[in-house]
Each structure stands twice: as C-alpha cells, then as structure tokens.
**Q** 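Quick one: structure below, then a few questions.
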Amino acid sequence: MRHLVQRASSQRITDQWSLIALASALAALALVSGCATSRLRDARASFYAGRFDAAVGELQDIPAGNTDRILFLMERGTARQAGGDFAGSIADWLEAARIVEDLDYVSVSRGASSLVANERVQAFRGAPYERTLLHAFAAKSYLALGQWDDAAVEARAIAKSLESLDGYPDDPYSRYVAGFCFEMIGDGDGAALEYRQAGALAPALRIEEDTGRILPAAAATNTAAATNTAADAATAGAAGAPGAELVCFVLMGRAPAADESADGTAEWEAAPYAEILVNGRVLGRSYPLGDTGRLLAATERRRAALSAVKTGARIAVKGTIAHQIAEQNRALGGLAWLVLFALETPDDRRWATLPRYMQVARVPCPSDLTEYTLVFRGPGNAEIGRTTVAVPLSRRGRTCVSYCRAL
Amino acid sequence: MKISVTVLNAVLAVALASLSGCAAFRGSVRATDPSKAPAITARYDQADLLTWGQVAAEALLSHPFPPAGESQPILVDMGIQNRTSTHIDTKAITDTITTKLMDSGKVRLANATRRDDLLKEQGYQLANCTEQTRVQIGKQLGAKYMLTGSLVEISQQSPRQVRVSKQEDVYYQLTVEITDLETGLVVVRKQPDRMRTATRPIIGW
C-alpha cells in the first residue's frame, strides 16, 4: 500500500514537471513565433505622423538573428529616405537585399517550427514585389544623390528580379524606374525595353519607348486620366518643346495594412494623381503605374493554394501532438491544444511604410528649376493637399529628377 | 567506489566534445594571400581586382603602348563604367591598372584630384560626365591619352526544379581602352574576362 502511494506521488511530481516543461516550451514557441513587435508598430506610427527621425530611432538597433530583420531594414530605409538621409536608406535596402539572397534556402529547423507554431517563425523575406521595390526605392535614392551608375546597377537588379516571376505580379512602376535609370546613363536600348514592358503592363497609358514620355492611351478608360484634360493638354502641348524636363516619382497613401482589404484606404481612394505647378502654372500631371494594393492582392492569390496546404498540414500536426499528450494526461493535452491553436495566427508581415499609389510625372519645366509644387487631387479633381518640393532635385543634362511621398 | 556506466559515458562524451569542438568554437585570424584565397561566391572579389589589374595593364603595355617614339606621355584616368547588377568599386580597378602602368615607367598619370576639381567646376562628377566632357577635361589636364572602360556581367541561375542545390554562373568582361585625345581614335582596347560557377544548397539548418 505504502509502495503504491509512493508511486502515485512520484507520478504526480513527474506530471507537474511535464506540465511545467510543456508550458515553458510552448511559451518559448509563442515568443519566437514573432508576435507583432511593438517597435515596428511604433516606428510605423511615427513615420505616418511625419516624425521620420523618431521612426528611425525606434528601429535603430535591430536584434541580431531576428526573423524580421529584413522588415526592420525595409521600414528604416523608408523612414531614412523620407527624412532626406538617402545614403542611409541605400545602406539599409542594400543590406536587406543581401539578406534576402542569403535566406534563399529552405530552413529545416524553421520549417519544422512553423509546423507546430505558425508561419511567423520563418525569417521574413518579403513578397516578390516588395523585393523588387527594394531595388526601385534604392535606385531613387541613388538618383537623388546624382549617382547615375549606381542607380543603373539597381535598375539591373530590378530587371533581374522581374525575370522569373513564377506567377507573381509584374510591376510597371519598378520597370519604369529601371527604364529611367538606364536612360540616365545613356543606355537607350535598356531604357526602351523597360519602358515597353511598363507600357504593356499599363494599358491605360502610352509610354514612348524612346523618350519615356507618358500620356493617356487614345482609348483610355481611366477615369482620373480622362477627367484631367487641362493638365493633359499642358503636358501634350509642351511635349515637343525643347528645354528641360522634370521627372517626378510621386508616391501617395499607404500600403494596405494587415487588417485592411487590398482595395483601398479611404483618404487616397480612387487612384488620386498629382499636378505639377511651377510659378502657379500647371506643367502636367502624374500617371498611375503601380498600386501596392493590387500587387498584394495578386500575390495573395498566387500564394493561396500553398498557404491552404501548409495551414492544413499545420493543423493536422498540432491536432496529433495535442492528442498524443492527452492520451498520457488529459489536462496536459487540453493545455497543449489551447496553446498550439492560440499560436495559429496568419503571417501578415508586410513592408507597411510602402505607398499605396506609385506614379510618375514627366513634364517640361524651366531649365533653372529649383522647386515645384505638387497638388494632389482625388475623385472629381478635388484637391486633397499640396506640397512644395525643393529636395531631392538632382539633374543630369536637361533632365531634373525628383520624387515626393505624400502620406 | 562504483561509477555507473551512464555517468562514465556522459563524462566521456563531454570530454570528447570539448576536445573536438574547442577549435571549432574559437575565433581565429590568419593572414591570407589575396590572389590565392579561395573564392567564396561566383561574384566579383579581390582575386578579380588583382587579376584584372595585372592582366589589363600587361595587355595594354604589350600592345605596344605607348607607341615607339613617345616618351612617358600623360594618361588621364576617366573611369570604368560599372554595367553589372552589383555595386562594384570600379575605381579600385582603374587604380590597380594605372598603378601597374605607372610602375612600368612608360606613362605619367594626370592627378585625379585636379581632374575631379575640373569636373566639379563644370558641374559634373566622373560617373555622370559625357564623352565630350571627358575629352575636354583630359586635354585641359595636358594628357595625351585617356583611359576608359566598362565592366559587364552576365549571370544565370539554374531554373526552378526538384534539386538540392542551386547553380549560378557569373561571367564578367572588363573592357579597357586607351583613346588618343588629339585624334579621338582608340589606340588600344583589351578585354580580360572570367567565368565562375558556384553552387549552394537550397536546404539548410
């Protein structure tokens, strides 16, 4: 009898230790499964409040080995670029691109962990369109610094990343940026190829291969393009005029957040555009080439089947683990079930400081241009806001290059 | 005193691990010959810089350059254009080539700082000036010849398929030319190149 009591007591102690060990293991799993870090959230909030230095400060120290390291670098690069630290943004994005390349393998350990936790334990590499935009944004920082050859290096990286898309969406905006970088180093053939491909992806526009000039297609159905005839006329009228030209990359709105549909954010809905004014005169307008909402939606469609299979496998594995534990100890099994399924969260990691709309304005301008005004217009040509841009404004020959981010 | 077999095995395992693992877990530094260091990737590295510098300089001088009768003409380095998909410091390549040309005692080199000052005066950087500007600056520096060039890359990766490793072929071709600033004719053009294949596993820990 005494012997049986001792055995029962010993069994209880073993169960308690098992319970603690399991709880610790699951807690550790929950920690590494990558709960949305508050630093990223705070940094994004600072960025969208226009506090770029604060956003950079939030992301100053990136923990070594963090699964979201690329995401940190993507976000910090955007904040640095918006704050005018072009060299800093380049450093961040090149580092991110390098890590993306290093992570181009299947990790057995993280793959196994993802089967009992969630996809967030896998290192974030970014969606293909985000990886392409890394190069497109880095190219713009090089353009801002007047480093044309380096911008062209990024253009080649863009072309390379869009070479084998394997069902993922192509990006006319990145193609246009690449074409422009080639144009700036005098590579007319490379520029024409990219402009042609950008044009094919944006049927509402006509992009001239040899000049990169953008006009609405003759049979354009784009509402915004059709309504702003005054600005179109200004662009078309000055098209043949010799003189300086301003190429402005206009970025508006914010990429759809994790809990938002890919169909739009209220403030920047219905594809807004920007008019370019110098000394009160409208020189032309921007035309839409990229939309991160559409890129995201197409990416998710492409991933849907694989994602469903992985989720199904994970649920099966979790169910089996919980069942096996429950067979030994019902309470422990229940706890395991609870924790394992509490970990079942979707992987919604995204480069959240990306703009929603990516447009390009290519307009004739005074040769002594030092600043210009952008007037943002929405549905019915209603003015959403305006800003004056003096930096960045680099030039090569008769071409002035600039960009603007409207939050 | 009895020592259980399990304890003995554990001690033995720890001892073996300590002996075999200590070197693996210790950092080390050692000097390496840059020209003989094995390549880690198929991309541009220090071996390319040294090899191309050497090969290009030897090829230019054996052309023969400078032509007979010209005693130590002045050469101005106007940069090598990077036309690859990697950020390569092509200035290091021209520096290596020009150093070897100068070491030969057959040419003199225009001062790079003076060149950059002249470019700056005209609102240019070496990377973004036109061919005309290069010639003009070269003449202003009193140079007879101008060194220019380009570096191109062709790379290919194995397509998506069932495999355990990924193969990447990277080909670089360096074109170096010397132009006579008076006649505008290219007097020497050489094209050292190299191709390297790298494979890396697509499954890792």
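Hydrogens, waters and symmetry mates play no part in the numbers below; they use all other heavy atoms, side chains included. Order of the sequence lines fixes the chain letters, A, B, ..., with proteins taken first and strands second; residue numbering starts at 1 for each chain.
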**Q** Mark yes when over 12 heavy atoms from residues, nucleotides or ligands other than A:E300 sit less than 6.0 Å from its CD; otherwise mark no.
**A** yes
**Q** Output the distance between atom CG (A:D149) and atom OG1 (B:T84), rounded to the nearest 0.5 Å.
**A** 10.0 Å
**Q** Report the distance from atom CD of B:Q157 to atom CD of A:E163, rounding to the nearest 0.5 Å.
**A** 9.0 Å
**Q** Is there a side-chain contact between A:I185 and B:Q81, using heavy atoms and a 4.5 Å cut-off?
**A** yes
**Q** Examine whether an atom of B:R200 lies under 4.5 Å from a heavy atom of chain A, and if so say whether it belongs to the side chain, the backbone or both; otherwise answer neither.
**A** side chain
**Q** Check whether A:L94 gets within reach of chain B through its side chain, its backbone, both or neither, counting any heavy atom under 4.5 Å.
**A** side chain
**Q** Is the number of heavy atoms from other residues, nucleotides or ligands within 6.0 Å of CD (B:Q156) greater than 12?
**A** no
**Q** I'd like to know whether CG of A:D189 has more than 12 heavy-atom contacts from other residues, nucleotides or ligands below 6.0 angstrom.
**A** no
**Q** Select one option (side chain, backbone, both, neither) describing which atoms of A:Y142 are under 4.5 Å from chain B's heavy atoms.
**A** side chain
**Q** What residues of residues 85-99 of chain B sit under 4.5 Å from chain A when you count only heavy atoms?
**A** B:S85, B:T86, B:H87
**Q** Can you check side chain to side chain contact (heavy atoms under 4.5 Å, CB included) on A:R156 and B:R83, steps first, answer last?
**A** CA-CA 8 Å; A:R156 287 180 205 105; B:R83 290 170 58 191; 3.6 Å; yes
